Amino acid sequence: MKEIPRGTLQEQTFYEQVGGEETFRRLVHHFYQGVAEDPLLKPMYPEEDLGPAEERLALFLMQYWGGPRTYSDDRGHPRLRMRHAPFKVDQAAHDAWLKHMRAAVDELALSEEHDRTLWNYLTYAAASMVNTAG
């Protein structure tokens, strides 16, 4: 049996395992299609066109899961709570966000393990953005 030198076997990142940039762009695009029609969430996006927000979320998620560091190169540290502080994020907004994100994740048809890993992160992230009780 041939010995593999230490440090040469590299595991794929989650980003690579689920299909890389194409997968994350599909996820985020599907998500923002729902947001564009949502009377609670749409007003939270200052741009008339959701394109810039879609691009930021896609780049953030790609970087978070092991893809290119374009988000940080362009925008610095994510500081998610700070960036969301100007918006009233209550339980209703949290639930609406997760509803659209669940539909987007389902559209990807990931393996059960990848789906669960991604969904666990997204539910944690959504909960951490809540900043208003009512």
Side-chain angles (χ1 to χ4, degrees):
M1 182 163 103
K2 184 178 177 189
E3 184 178 323
I4 298 173
R6 206 177 216 148
T8 60
L9 191 61
Q10 185 176 3
E11 280 189 40
Q12 281 191 318
T13 64
F14 183 88
Y15 170 83
E16 294 165 327
Q17 291 171 20
V18 299
E21 181 173 353
E22 179 188 340
T23 298
F24 285 95
R25 290 206 179 272
R26 278 182 31 226
L27 170 73
V28 173
H29 183 71
H30 192 83
F31 168 74
Y32 276 107
Q33 286 178 322
V35 169
E37 304 300 320
D38 192 293
L40 184 62
L41 296 181
K42 176 68 169 91
M44 292 187 188
Y45 293 87
E47 296 100 351
E48 186 59 37
D49 171 19
L50 291 173
E54 183 175 329
E55 180 67 7
R56 288 189 300 268
L57 181 57
L59 292 176
F60 170 76
L61 289 173
M62 286 188 276
Q63 177 175 308
Y64 180 86
W65 290 105
R69 296 191 44 81
T70 309
Y71 181 92
S72 287
D73 292 347
D74 291 351
R75 296 182 51 87
H77 189 280
R79 293 177 278 185
L80 296 180
R81 282 191 58 85
M82 181 201 79
R83 293 185 197 272
H84 290 81
F87 306 101
K88 176 185 168 195
V89 182
D90 59 11
Q91 190 64 43
H94 164 275
D95 294 350
W97 193 91
L98 282 178
K99 176 183 85 170
H100 297 298
M101 193 53 83
R102 182 70 256 175
V105 171
D106 288 347
E107 186 268 336
L108 296 176
L110 298 173
S111 73
E112 187 177 325
E113 179 185 348
H114 288 129
D115 185 292
R116 184 174 48 251
T117 299
L118 180 58
W119 188 245
N120 285 345
Y121 168 75
L122 293 169
T123 56
Y124 166 79
S128 70
M129 294 300 115
V130 173
N131 60 20
T132 303

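Keep in mind that this is a model prediction, so the values were computed, not measured.
- In this structure, the separation between OH on Tyr121 and OH on Tyr64 is 5.0 Å, given to the nearest 0.5 Å.
- The distance from the CG atom of Leu61 to the OH atom of Tyr71 is 10.0 Å, given to the nearest 0.5 Å.
- Under the rule for a side-chain hydrogen bond (donor to acceptor under 3.5 Å, both in side chains), His30 has no partner lying at least two apart in sequence or in another chain.
- To the nearest 0.5 angstrom, Phe31 atom CZ is 9.5 Å from Leu50 atom CG.
- Proximity of Glu113 to Leu118: side-chain heavy atoms (C-beta onward) are nowhere separated by under 4.5 Å.
- To the nearest 0.5 angstrom, Asn131 atom CG is 12.0 Å from His94 atom NE2.
- Between atom CG of residue Leu122 and atom CH2 of residue Trp97 there is a gap of 5.0 Å, rounded to the nearest 0.5 Å.
- The two residues Leu108 and Thr23 have their closest heavy-atom pair at CD2-O, 3.6 Å.
- Contacts of Asp106 classified as salt bridge (Lys or Arg N to Asp or Glu O under 4.0 Å), with partners at least two apart in sequence or in another chain: Arg102.
- Judged as a salt bridge (Lys or Arg N to Asp or Glu O under 4.0 Å), and not counting sequence neighbours, Glu16 has no contacts.
- Between Arg26 and Glu21, none of the side-chain N atoms (NZ, or NE/NH1/NH2) sits under 4.0 Å from a carboxylate O, so this pair counts as no salt bridge.
- Annotation: side chain of Thr123 is in contact with side chain of Trp119 (closest heavy-atom distance under 4.5 Å).
- Phe14 pairs by the ring-ring contact (aromatic ring centres under 6.0 Å, His included) definition with Trp65, His114, not counting sequence neighbours.
- Heavy atoms only, all atoms of each residue included: Leu57 and Met101 are closest at CD2-CE, 4.1 Å.
- Partners of Glu107 under the side-chain hydrogen bond (donor to acceptor under 3.5 Å, both in side chains) rule, at least two apart in sequence or in another chain, do not exist in this structure.
- The main-chain N or O of Thr132 is never found under 3.5 Å from a side-chain atom of Asp90 such that the two would form a donor-acceptor pair.
- Considering every non-hydrogen atom in both Ala96 and Asp38, the closest pair reads CB-OD2, 3.8 Å.
- Remark: His100 pairs with no residue by the ring-ring contact (aromatic ring centres under 6.0 Å, His included) rule, at least two apart or across chains.
- Side-chain contact between Pro52 and Tyr45: absent, with no pair of heavy atoms (C-beta onward) separated by less than 4.5 Å.
- Of all non-hydrogen atoms in Arg25 and Ala58, the two that sit nearest each other are NH1-CB, 3.9 Å.
- To the nearest 0.5 Å, the span separating OH on Tyr32 from CD on Glu55 amounts to 11.0 Å.
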